[in-house]
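Letters go in sequence order (proteins before strands), and every chain restarts at 1. Model, not experiment: these values are computed from the prediction.
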Number of protein chains: 2
Amino acid sequence: MPANNPAIDLDQVRRQCARCDLRDLCLPAGLDSADVDRIDQIVADRTSLASGDTLYHAGSPFRALYVIKSGSLKTQAVSEGGELQILGFHLPGEIMGFDALAGERHQCSAEALEASSVCRLPYAELERISASVPGLQRQFMRLVSREMGDDHDHMAMMGRNQAIARLALFLHSMSKRQARLGRSADQLTLTMSRADLANYLGLVLETVSRLFGRLQDMGVIEVRRREVKILDRESLKSVGEC
Amino acid sequence: MPANNPAIDLDQVRRQCARCDLRDLCLPAGLDSADVDRIDQIVADRTSLASGDTLYHAGSPFRALYVIKSGSLKTQAVSEGGELQILGFHLPGEIMGFDALAGERHQCSAEALEASSVCRLPYAELERISASVPGLQRQFMRLVSREMGDDHDHMAMMGRNQAIARLALFLHSMSKRQARLGRSADQLTLTMSRADLANYLGLVLETVSRLFGRLQDMGVIEVRRREVKILDRESLKSVGEC
DNA sequence: GGCGGGATTTGACCCGCGTCAAAGCGGGTG
DNA sequence: CACCCGCTTTGACGCGGGTCAAATCCCGCC
């Protein structure tokens, strides 16, 4: 192991965004090198999470936003009646914590679905530099807006009352998001349990399990536990249309 | 009628936010008088809409955000399969158009449910002044975040698989939003049709109609067409919990 | 390699909500 | 005032998916 050299470590920390594979999806997208350095400087730390670890709890004070660097997380909220609702699954390049901007507290909890790492962005500093980095403001709004678009897709899916259409739409959308990350669009590894997925889709887990089987019998996908291979994208899309 | 006096007209236009009943819910909230005047100056116009008029179409170029001054609107999107999904109902004080920030085009359409008026905020100018009015940026994010919170409530509602729970949750949330506007929390006038409401809730309109009847038989509400009176808020909440 | 426990699959049953159909109701128009 | 048309209500029926129950699979651990 090399000797611990503070100068090199500091340089690495300061230049991580510029070398990050996700820089085109994340906040630095579209910014010039000097501005990216300024973002680097406010990234407080890059935290590792084990599967099941909680990034933030609903009700806890809001301090920072987080960008997912690797892995995946779910967000969930408990309604007044104590019912748990999974709001979304989040992949690398996505920002989390937006919904807390309205108050001083997080409105939902975020939990890692597998070993993951995130970049922590203290919001006070983000606000401070965003006034002087015009492109940052714009890129930030793009990410917020993309998040809202994802939520709208989710609502449209919940609106379909055919259960199999919901699952098909979910698989199709996951496939697109994987592709955006440069991964295979046809070979998915789901990181959430059947129970999580069912909750997200507004179904019960037995139904989800049966529907995976049915899509497989139809020759649309191949399933083995959490590994899903998309065999016939056209059929998948048409199933999603009811 | 008084003579048309340009000086007075100009003054009125420039000071409308300061005198608006909604100023505490809208962008000016928390800003001092000088900053509110700056917002006033970029409000391009205050448009009147008749019931059924479209404020913007999905796919049309994004130029401005809109704050609802009076009336109510619905937002809706057509999925790839051609299915229409109503994403939300919007009341005075709420900002519309956020979801277009990611691209240059609106992702959904907005249509007036009754005679309504909106303030138009050209986004280019909003961006320009937000760098120099720090509180504006914060208030803007609060409104975006509130919008996301509403969407999350919607998802939680769609997750409940008991149809009657969805309707109860909808009525409860409408009641809270009315109260926020200083209106009666117990006497609601729904401005959307049963078909719109059913679509929003992920149900069919016959079911919604029957459920209104059932809630009335239970003594929880009183319904007459689009007039709803909440008689027993506690029962309404417990029905919403399944 | 054997064991234990959570995750997933599979089966049987039945109720709630979607579907189709028809009748009221109300508001706008000539 | 009478007509018309869209919105809403009400009824009958069937099936998709929820519920309960049990078997099976798989992975980590000893």
Problem - Geometric class of the B/Tyr66/B/Tyr56 ring pair [parallel <30°, tilted 30-60°, perpendicular >60°] - result: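 The arrangement is parallel - the two ring planes meet at less than 30°.
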Exercise for the section: May I ask you to decide if the ring planes of A/Phe62 and A/Tyr123 are parallel, tilted or perpendicular, using 30° and 60° as cut-offs? Expected result: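 A/Phe62 vs A/Tyr123 ring planes: tilted.
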Interatomic distance where [atom1] belongs to [X] and [atom2] belongs to [N] [whole Å]:
X        : N      : atom1 : atom2 : answer
A/Phe212 : D/dG17 : CZ    : P     : 15 Å
B/Arg194 : D/dT10 : CZ    : C1'   : 14 Å
A/Arg166 : D/dG18 : CZ    : C1'   : 12 Å
A/Glu114 : D/dC27 : CD    : P     : 16 Å
A/Met192 : C/dA7  : CE    : C1'   : 15 Å
A/Glu227 : D/dC25 : CD    : C1'   : 16 Å
B/Leu205 : C/dG24 : CG    : C1'   : 15 Å
B/Leu113 : D/dC7  : CG    : C1'   : 15 Å

Might you list the N or O atoms of the protein lying below 3.5 Å from N or O atoms in nucleotides 20-24 of chain D, with each pair's distance?
from	atom 1	to	atom 2	distance (Å)
D/dC20	N4	A/Glu206	OE2	3.1

Problem - A/Asp53 side chain to A/Ala50 backbone, donor-acceptor under 3.5 Å - result: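 Side chain of A/Asp53 to backbone of A/Ala50: a pair is present.
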Exercise for the section: Would you indicate what B/Ser209 reaches in the nucleic acid, counting non-hydrogen atoms under 4.0 angstrom: base, sugar-phosphate, or nothing? Expected result: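 B/Ser209: base contact, heavy atoms under 4.0 Å.
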Practice task
Return yes when atom CZ of B/Arg146 has more than 12 non-hydrogen atoms of other residues, nucleotides or ligands closer than 6.0 Å, and no otherwise.
Solution key: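 Counting other residues, nucleotides and ligands, CZ of B/Arg146 exceeds 12 neighbours.
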Exercise for the section: State the OG-CG distance between A/Ser175 and A/Leu236, to the nearest 0.5 angstrom. Expected result: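 Going from the OG atom of A/Ser175 to the CG atom of A/Leu236 covers 8.0 Å.
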Problem - Salt bridge flag under 4.0 Å for residues B/Arg177 and B/Glu94 - result: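 Yes, charged N to carboxylate O under 4.0 Å.
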Exercise for the section: Give a yes or no on whether a salt bridge exists between B/Lys69 and B/Asp21, defined as a side-chain N under 4.0 angstrom from a carboxylate O. Expected result: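 No, B/Lys69 and B/Asp21 are not salt-bridged.
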Are there any protein N/O atoms within less than 3.5 Å of an N/O atom in nucleotides 13-17 of chain C, and if so, which ones and at what distance?
from	atom 1	to	atom 2	distance (Å)
C/dC17	OP1	B/Ala163	N	2.7

[Y] versus [X], side-chain donor and acceptor atoms under 3.5 Å:
X       : Y        : value
B/Ser72 : B/Thr191 : yes
B/Thr47 : B/Asp45  : yes
B/Ser70 : B/Ser117 : yes
B/Thr54 : B/Glu111 : no

Handout entry: Axis deviation across the helix from C/dG1-D/dC30 to C/dG30-D/dC1, five-pair ends, to the nearest 10°
Key =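 The angle, to the nearest 10 degrees, is 50°.
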With a 4.0 Å limit, can you tell me whether [X] has a side-chain N or O closer than that to the phosphate oxygens OP1/OP2 of [N]?
X        : N      : answer
B/Arg226 : D/dC7  : no
A/Arg225 : C/dA7  : no
B/Arg224 : C/dG26 : yes

Problem - Working for salt bridge (Lys or Arg N to Asp or Glu O under 4.0 Å), residues A/Lys74 and A/Asp196 - result: CA-CA 9 Å; A/Lys74 63 178 174 183; A/Asp196 283 345; 3.1 Å; yes
